[in-house]
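Remember, it's 1-based here, ligands and their atoms both numbered in the order they're listed. Since the structure is predicted, the reported quantities are computational estimates derived from the model, not experimental observations.
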Amino acid sequence: MKYYSTNKQAPEATLEKAVVKGLAEDKGLYMPETIKALPKEFFDNIEKMSFQEIAYTVADAFFGEDVEADALKKIVYDTLAFDCPVVPVTDNIYALELFHGPTLAFKDVGARFMARLLQYFLKKEGEGNQVNVLVATSGDTGSAVANGFLGVEGIHVYVLYPKGKVSPIQECQFTTLGKNITAIEVDGVFDDCQALVKAAFMDEELNAHMKLTSANSINVARFLPQSFYYFNAYARMKALGKADELVMCVPSGNFGNICSALFGHRMGLPIKRFIAANNANDIFYNYLQTGEYHPQPSKATLANAMDVGDPSNFARIYDLYKGDHKTITSLISGATYKDERIRETMQECFAETKYVLDPHGACGYQALKEQLKPGEVGVFCETAHPAKFKEKVDEILSTDIEIPQRLQEFMKGTKQSIEMSKDFADFKNFLLNE
Ligand SMILES: *Cc1c(COP(=O)(O)O)cnc(C)c1O
């Protein structure tokens, strides 16, 4: 399969190049040149298949030309070592719980898949080909990537994070791992970390010294596998007899997650329509209303993993529908919620159903409450476990929610990190001596 850039100014790439490079030369996002429709028989029998079987069928449509069947199957099964169940919250609203992976957020799926696919390509190239992944994080991405790549041979990960700006729960998920994961505590803010990573990719001397790659969320190997759990959600809802008029609601920030659902839809997944739920960062919402896309500086909110003022994957959605606003609005509607409304939703949902929403999932739940029509059944993504935001959640709900065992394990470990200034010369010097 060839991958083209959404900016159309870069040469087409192989899957390997798209995965190793991440972003195209013209700064566009890679798109597969064909999105194969899956046969009717697959959907007719999907409810009888396991999550892993479904995922492999979907993975084969994307990656089957480029990865041998046995290897691809192993990558898929290893990635999905945990479930993504659909759980009832009300009669007609279900939560697609994406937080049962190692770092309790949906990014585990893409990060684990990418780590294994990258390793597959390295092995093909031969021994001794160490690759170094650089990732800047404000919290969640670093933990998913570090854990996804933990112990994967031939790959070393450097996680750059802003000193004192990451919650202790988040920090321990990438500073206590050791092995092939190095945490770098930068004396600066997230943007400084991002700038160091970008400068490293541009530096010729450094690139001659070591093979560098990125694992950010625009990578095709991180975003395409997210479609697996939408197919599985449909299968589980179909088994309940509730899939005839299914509405999928995705709390969105950079729009990678909803984009993978839309790819599923293009492959024939029978979802009636989609809702993109935003916090106060309402750029996409405004695009739906006006047809105009105006990036804004991001606003800090309670649902901070969705604080994005210029969602990267908008380019993919735009490309998928050839920029046709009418098609996009006929399939996707929007919603935007301020912190106050997110709080109220968490409280109302807890009082009415006992279900504990995290602030991101709350946006999704609220949008379904407001927008579901008679006869429709809604599924929203619970994108992270509420315990990841324990302090906020407990304060809002007056609870003392339990921290899952696997999160507690991280908290027991000892922190190991390297202190770094925000000066690129220091970072470069450090890497040159690695
Ligand atoms: C990353 C993230 C999101 C946003 O997902 P996008 O793919 O960027 O739209 C939502 N919720 C949580 C908990 C996240 O970590």
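Atom OG of residue S143 and atom OH of residue Y161 lie 12.5 Å apart, to the nearest 0.5 angstrom.
L212 pairs in a side-chain contact (heavy atoms from CB on, under 4.5 Å) with only one of the listed residues (N132, D203, V197), which is N132.
Note on residues 322-358: pairs passing ring-ring contact (aromatic ring centres under 6.0 Å, His included), not counting sequence neighbours, are Y287-H325. For residues 84-103, the ring-ring contact (aromatic ring centres under 6.0 Å, His included) pairs, not counting sequence neighbours, are F99-H385. Screening residues 6-15 for side-chain hydrogen bond (donor to acceptor under 3.5 Å, both in side chains) gives K8-D319 as the qualifying pairs, with residues at least two apart or on separate chains.
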Please tabulate, one line per pair, the protein N or O atoms found under 3.5 Å from any N or O atom of ligand 1, giving the distance to one decimal.
residue	atom	partner	partner atom	Å
ligand 1	7 (O)	G256	N	3.2
ligand 1	7 (O)	N257	N	2.9
ligand 1	8 (O)	N254	N	2.8
ligand 1	9 (O)	G253	N	2.8
ligand 1	9 (O)	N254	N	3.3
ligand 1	9 (O)	F255	N	2.8
ligand 1	11 (N)	T383	OG1	2.8
ligand 1	15 (O)	K107	NZ	2.5
ligand 1	15 (O)	D140	OD2	3.0

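A side-chain N or O of H294 and one of E292 form a donor-acceptor pair less than 3.5 Å apart.
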